[in-house]
Amino acid sequence: MTLAAAFLVPGSPLPYLRKDNPPWLGLAAGYEKAARALAAARPDVVLLYSTQWMAVLDQLWQERPRLQGLHVDENWYEFGELPFDLSIDTELAQACIENANALGLHSKGVDYDAFPIDTGTIVASKSLDPEGTRRFVLAANNLYHDFETTRRIATIAGEAASTQGKRFAAVGVGGLSGTIFREEIDIADDRIASDEDDRWNRRMLSLLEKGETQEVDRQCAEYVQAAKVDMGFKHLAWIQGATGGRYYGARIHAYGPTYGAGAAVVEFKV
Amino acid sequence: MAKGEILAGYLAPHPPHLVYGENPPQNEPKSEGGWEPLRWAYEHARESLDRLEPDVLLVHSPHWITQLGHHFLGVDKLSGKSVDPIFPNLFRYTFALDVDVELAEACCEKARARGLVAKMMRNPKFRVDYGTITTLHMIRPQWDIPVVGISANNSPYYLTTEEGLEEMDLLGKATREAIEETGRRAVLLASNTLSHFHFQEEPPLPEDMSREHPFSHEGYRWDMRIIELLRQGRTDEVFDILPQFIEEAFAEVKSGAFTWMFAAMGYPKLPGKLHGYGTVIGTGNAVMEWNLAEAGMARAEAAA
């Protein structure tokens, strides 16, 4: 397997659109470190899974060679717009679809003008690849897929990249603790919504940092429930599957709040 | 200014399959038809709406999901191409709509006055969600009536179902006050499916109706129970069992539109007119109407 790099990154547009807001400075800076690490890893393709690209029928994969447009986030439209220009490795996406279908995981490609690209995909791709030089494989988050199914799908993607002789980076896009403030706050005062969420986030990040993969697996379900983790932490399943579990620790480039929810930029040591 | 009134409310679900089955010029994909009973139900609703001649249509959609409060479209004109992220093979629709910004602002202000977090969406490049567009197309394909678009805060998902629906009750009452004070003759659209368990694979030909049926007997039974109560005007009983319905049938009314609409109408004990029922990928969909104008209940004090 030609694994070049792996990252867990947030999909919230807040640190991306308002890099100057003090509570979000760290996340923005963390993204910059991750971007440098990705550039140094020189992957041929980035396998990206965003919790915000939601599907309910089949496992969807993006198959349009080039995605261009401008997105306005459904929640945070007042902070600005999100232009995007992404290149897709359609040959690899097609292999992912075929291999997943062969294993009984119903998959299909999407290739449509004006298809709505989700905020998480745009934020992560633009932050990690600001020059727009990388090619991507984009996979949807089927809401009915559990952690293990997501891991299997990611394994298929990683193996397909290896079969095609491509160095790849795996990127899981999503948040940590999922509780946001339900009242308007001064964004300069943003913080993790509760001490318990904060403790859980730090505990999980510490386990990832030390490479205690068995302990991560053991505590994951409890963490998901206790901290209402974004989409059941399936973005970690994506990392585990795509890398084949071959990482021995992680660098936590940043940890911070996104309107109360937890977010981190994590680079895995592969 | 004359006091405004709510002329009618419609349960107006938004499966994009209905637009696909109809083959309007705005939608790129073309079909061999399908889901006719539901589309014919909407034809009846369209005729009824036409007779009401409302100033504005207010639609609450579960597919504009907002995490922080209840949001209202706040731009005069919005247009674009809406591609359904779930069913892009069925729904790629070019739309243009006019927003009744004055009424939207009034709704927003009234909601805030009742203690809700409410915001106006002012970005002209905003992408209107496909739930809003599908419901509006199905009820009024001419697009010649201004709209107020309202997001789903999905508070029932963050809070308990009961707490979340209490928020929707407040939002509905705020909406009614805004309609009355701005003098609008308004129609409300609750863009909700009933039972919401669905198949997870699509037939090769999506409009192959030999593959369409209720996802489960239990879901169908729940839908019939709710519809029958609504047809008899037993509104109190519906809201008594609504949390159980939501829990057991995974009903989409959890997202709040149904409660919002009934709260705005004053929970009338008016028999609902069922225009039709049908399933879409197994989910239960009813097109229903509560014609307050026809029943002499359009004024809020009469409905309350």
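Just so we're on the same page: letters track the sequence lines, and every chain starts at 1. Excluded from the calculations below are hydrogen atoms, water molecules and symmetry mates; all remaining heavy atoms, backbone and side chain alike, are included.
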- [ ] Kindly write out the residues that satisfy side chain to side chain contact (heavy atoms under 4.5 Å, CB included) with A:Ser12, not counting sequence neighbours, or none if the list is empty.
- [x] A:Leu14, A:Pro15, A:Thr258

Open item on the list: A quick test of your reading: do over 12 heavy atoms of other residues, nucleotides or ligands sit less than 6.0 Å from CZ of A:Phe147?
Closed with: yes

Task: chain A-proximal positions within residues 78-103 of chain B [heavy-atom distance under 4.5 Å] - done: B:Lys81, B:Val83, B:Asp84, B:Pro85, B:Ile86, B:Phe87, B:Pro88, B:Asn89, B:Arg92

Task: Interface residue of largest heavy-atom contact number with chain B, from A:Val56, A:Leu57, A:Val110, under 4.5 Å - done: A:Leu57

Open item on the list: Checking side-chain polar atoms at under 3.5 Å, does B:Glu207 have a donor or acceptor matched by the opposite partner on B:His17?
Closed with: no

TODO: Considering only heavy atoms and a distance below 4.5 Å, find which of A:Ile117, A:Asp118, A:Thr179, A:Asp113 pairs most often with chain B.
DONE: A:Asp113

Open item on the list: Strictly less than 4.5 Å between heavy atoms, which residues of residues 110-130 of chain B line up against chain A? Please order them by number.
Closed with: B:Val117, B:Lys119, B:Met120, B:Met121, B:Arg122, B:Asn123, B:Lys125, B:Phe126, B:Arg127

Open item on the list: Just by distance, no angles: are the side chains of B:Gln200 and A:His106 close enough, under 3.5 Å, to form a donor-acceptor pair?
Closed with: no

Open item on the list: Any carboxylate oxygen within less than 4.0 angstrom of a Lys/Arg side-chain nitrogen, looking at B:Arg211 and B:Glu201?
Closed with: no

TODO: Name the region of A:Phe181, side chain, backbone, both or neither, that has any atom closer than 4.5 Å to a heavy atom of chain B.
DONE: backbone

Open item on the list: When you compare the side chains of B:Ser255 and B:Glu252, does any donor N or O come within less than 3.5 Å of an acceptor on the partner?
Closed with: no

- [ ] Assert yes or no for the condition that the ring centre distance of A:Tyr223 to A:Phe233 is strictly below 6.0 Å.
- [x] yes

TODO: Consider only side-chain N and O atoms of B:His71 and A:Tyr77, and report whether a donor and an acceptor are under 3.5 Å apart.
DONE: yes

TODO: Output the residues of residues 69-76 of chain A for which the shortest heavy-atom distance to chain B is under 4.5 Å, in residue-number order; output 'none' if no such residue exists.
DONE: A:Leu70, A:His71, A:Val72, A:Asp73, A:Glu74, A:Asn75, A:Trp76

TODO: Could you point out which residue of A:Phe115, A:Trp61, A:Trp238 forms a ring-ring contact (aromatic ring centres under 6.0 Å, His included) with A:Trp53?
DONE: A:Phe115

Task: Any side-chain donor near an acceptor of the partner, B:Ser191 and B:His14, under 3.5 Å - done: yes

Task: For chain B, the option from A:Glu184, A:Lys108, A:Glu81 that forms the most heavy-atom pairs under 4.5 Å - done: A:Glu81

Open item on the list: With ring-ring contact (aromatic ring centres under 6.0 Å, His included) as the criterion, how do B:Trp64 and B:Phe72 come out once you've worked through the C-alpha distance, each side chain's angles and the decisive distance to 0.1 Å?
Closed with: CA-CA 10 Å; B:Trp64 176 14; B:Phe72 299 82; 8.3 Å; no

Task: Between B:Trp222 and B:Glu248, a side-chain donor and acceptor under 3.5 Å - done: yes

Open item on the list: Between A:Tyr49 and A:Asn141, is there a side-chain donor-acceptor contact under 3.5 Å, judged purely by atom types and distance?
Closed with: yes

Task: Check: A:Ser107/A:Asn101 side-chain N/O donor and acceptor closer than 3.5 Å - done: no

Task: Distance-only polar pair, side chains of A:Tyr255 and A:Asn201, donor-acceptor under 3.5 Å - done: yes

